Number of protein chains: 2
Amino acid sequence: MAKYSGALEAARLDDVFGALADPTRRSVIGQLGRGPASVGDLARSSPMTLPSFMKHIRYLEAVGLIHTTKEGRVRRCALDRERLAVVDGWLAEQRAIWEGRTDRLEQFVTSTDANDPRQEHV
Amino acid sequence: MAKYSGALEAARLDDVFGALADPTRRSVIGQLGRGPASVGDLARSSPMTLPSFMKHIRYLEAVGLIHTTKEGRVRRCALDRERLAVVDGWLAEQRAIWEGRTDRLEQFVTSTDANDPRQEHV
DNA sequence: CCTATACTTAGCCGAGTGGCAAAGTATTCA
DNA sequence: TGAATACTTTGCCACTCGGCTAAGTATAGG
């Protein structure tokens, strides 16, 4: 789960990409894309035991891709779409590099330290 | 590095997302986006030892994000952009699930607005 | 031929991931 | 009240990851 001190955006990328690197977690994201659901609902489509499944839920929550609330004995999960934007941002940045323009789009998308005159690669 | 038997696409997603979950590897991809480079060139921007760095190179190569060739005593690395398309594909799939029609990057990145009746949070 | 360069191989290590089973807690329902 | 439901906690385990050092191999250059 990557513990950076300064590079916030990089830490988020580590976390989010790491979260997406697992089929169970991607499946959860896919299901929550259709609307909120309880842990039990989500777990039903997975072959693993509940404690194991819960680890994935907590991982996703820690990373900020989902958030959960307890309602009675049920834990309801919902997607936090905006966290996925860092992926789009990174991809856009790469395309900007390929196309030789290291400027506006990238600046906009990775808006963590916008007052930093680009200079870090190599 | 996930070894699936049937689910090819899922395995690729595991691998590619896994590859992107590391800052050293993302940095390599970023550098190679500007053109091919030797292992030494790439490693120079990283604080780690060469053997450690090489592991990342081999990881990226195994996943299909880069390919390398040996020229004399130098190993030249180059980016395989098309492998990154699986990420685009997955994101598009998610967007299709929760928005149904939006596919413009800028709009997605900026879309923290919720004019969609299906979601109450965010 | 000798040396510097550019990896490469081998082996070790601590931390983290991803899974399990068993037992516990808190609600809900009859 | 008592039982079923829906997690939750605890503890264990195998394996991978990401880093290291040390030593080896293969060119390139002088």
Side-chain angles (χ1 to χ4, degrees), chain A residues 1-5 7 10-29 31-32 36-63 65-78 122, chain B residues 1-5 7 10-11 13-29 31-32 36-63 65-78:
Chain A
M1 196 90 60
K3 44 286 153 194
Y4 286 67
S5 42
R12 272 193 195 152
L13 283 167
D14 282 15
D15 290 349
V16 172
F17 278 130
L20 299 182
D22 182 278
T24 300
R25 292 190 293 256
R26 283 197 307 277
S27 165
V28 167
I29 290 175
Q31 287 179 72
L32 291 181
S38 71
V39 169
D41 288 341
L42 297 169
R44 214 154 290 129
S45 69
S46 174
M48 79 184 60
T49 61
L50 199 54
S52 301
F53 188 82
M54 276 300 297
K55 279 195 188 177
H56 292 294
I57 296 293
R58 293 207 201 89
Y59 195 129
L60 288 168
E61 191 171 18
V63 164
L65 281 168
I66 71 171
H67 63 95
T68 75
T69 50
K70 197 86 193 249
E71 299 173 3
R73 62 185 167 179
V74 173
R75 182 168 293 277
R76 189 143 294 267
C77 310
V122 182
Chain B
M1 195 86 63
K3 48 268 143 218
Y4 286 68
S5 42
L13 284 167
D14 282 15
D15 290 348
V16 171
F17 278 129
L20 299 181
D22 182 278
T24 300
R25 292 191 293 255
R26 283 197 307 276
S27 166
V28 167
I29 290 175
Q31 288 179 71
L32 291 181
S38 71
V39 169
D41 288 342
L42 297 169
R44 214 155 289 128
S45 70
S46 174
M48 79 185 59
T49 60
L50 199 54
S52 301
F53 188 82
M54 276 300 296
K55 280 194 187 176
H56 292 295
I57 296 294
R58 293 206 200 89
Y59 195 123
L60 288 168
E61 193 172 17
V63 164
L65 281 167
I66 71 171
H67 62 95
T68 76
T69 49
K70 198 83 192 256
E71 299 174 2
R73 62 184 168 181
V74 173
R75 181 169 295 277
R76 190 143 293 268
C77 310

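Since the model is a prediction, treat every value here as computed from it, not as a measurement.
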Of all residues at least two apart in sequence or in a different chain, which pass the side-chain contact (heavy atoms from CB on, under 4.5 Å) check with B:Ala21? A:Phe17
Show every donor-acceptor pair shorter than 3.5 Å between a side-chain atom in residues 50-57 of chain A and any protein atom, with sequence neighbours excluded, or say none if there are none.
| from | atom 1 | to | atom 2 | distance (Å) |
| --- | --- | --- | --- | --- |
| A:Ser52 | OG | A:Thr49 | OG1 | 3.0 |
| A:His56 | ND1 | A:Arg25 | NH1 | 3.2 |

Protein-nucleotide distance ([X], atom [atom1]; [N], atom [atom2]), rounded to Å:
| X | N | atom1 | atom2 | value |
| --- | --- | --- | --- | --- |
| A:Leu60 | C:dT17 | CG | P | 13 Å |
| B:Ile57 | D:dG19 | CD1 | P | 12 Å |
| B:Asp41 | C:dT5 | CG | C1' | 13 Å |
| B:Arg25 | D:dT16 | CZ | C1' | 11 Å |
| B:Met54 | C:dA6 | CE | C1' | 10 Å |
| A:Phe53 | D:dC7 | CZ | C1' | 12 Å |
| B:Lys70 | D:dT27 | NZ | P | 7 Å |
| B:Arg58 | D:dT16 | CZ | P | 17 Å |

B:His56 side-chain N/O to D:dG19 phosphate OP1/OP2 under 4.0 Å: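 Answer is yes, contact under 4.0 Å.
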Between A:Lys55 and B:Val74, name the one whose nearest nucleotide on DNA chain C is closer to the 5' end.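 Closer to the 5' end of DNA chain C: B:Val74.
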[X] vs [Y] side-chain heavy atoms within contact, under 4.5 Å:
| X | Y | result |
| --- | --- | --- |
| A:Thr68 | A:Leu60 | no |
| A:Leu13 | B:Pro23 | no |
| A:Val16 | A:Val63 | yes |
| B:Leu32 | B:Leu65 | no |

For B:Arg73, which residues count as a salt bridge (Lys or Arg N to Asp or Glu O under 4.0 Å) partner, sequence neighbours excluded?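 For B:Arg73 there are no salt bridge (Lys or Arg N to Asp or Glu O under 4.0 Å) partners, ignoring immediate neighbours.
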Tell me which residues in residues 42-51 of chain A lie within less than 4.0 Å of DNA chain D, going by non-hydrogen atoms. A:Leu50, A:Pro51
Ranking C:dT8, D:dC7, D:dC20 by distance to the side chain of A:Val39, first place goes to D:dC7
Closest to side chain of A:Ser52, choosing from D:dG18, C:dG19, C:dT8: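 Of the candidates, C:dG19 comes closest.
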Not counting sequence neighbours, which residues clear side-chain hydrogen bond (donor to acceptor under 3.5 Å, both in side chains) with B:Arg76? List them please. none
Taking side-chain hydrogen bond (donor to acceptor under 3.5 Å, both in side chains) as the definition, give me every residue that meets it alongside A:Ser27, ordered by chain and number, with sequence neighbours left out.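 So A:Ser27 forms a side-chain hydrogen bond (donor to acceptor under 3.5 Å, both in side chains) with A:Gln31.
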Nucleotide N/O to protein N/O under 3.5 Å, stretch nucleotides 24-30 of chain C:
| from | atom 1 | to | atom 2 | distance (Å) |
| --- | --- | --- | --- | --- |
| C:dT27 | O2 | A:Arg73 | NH1 | 3.1 |

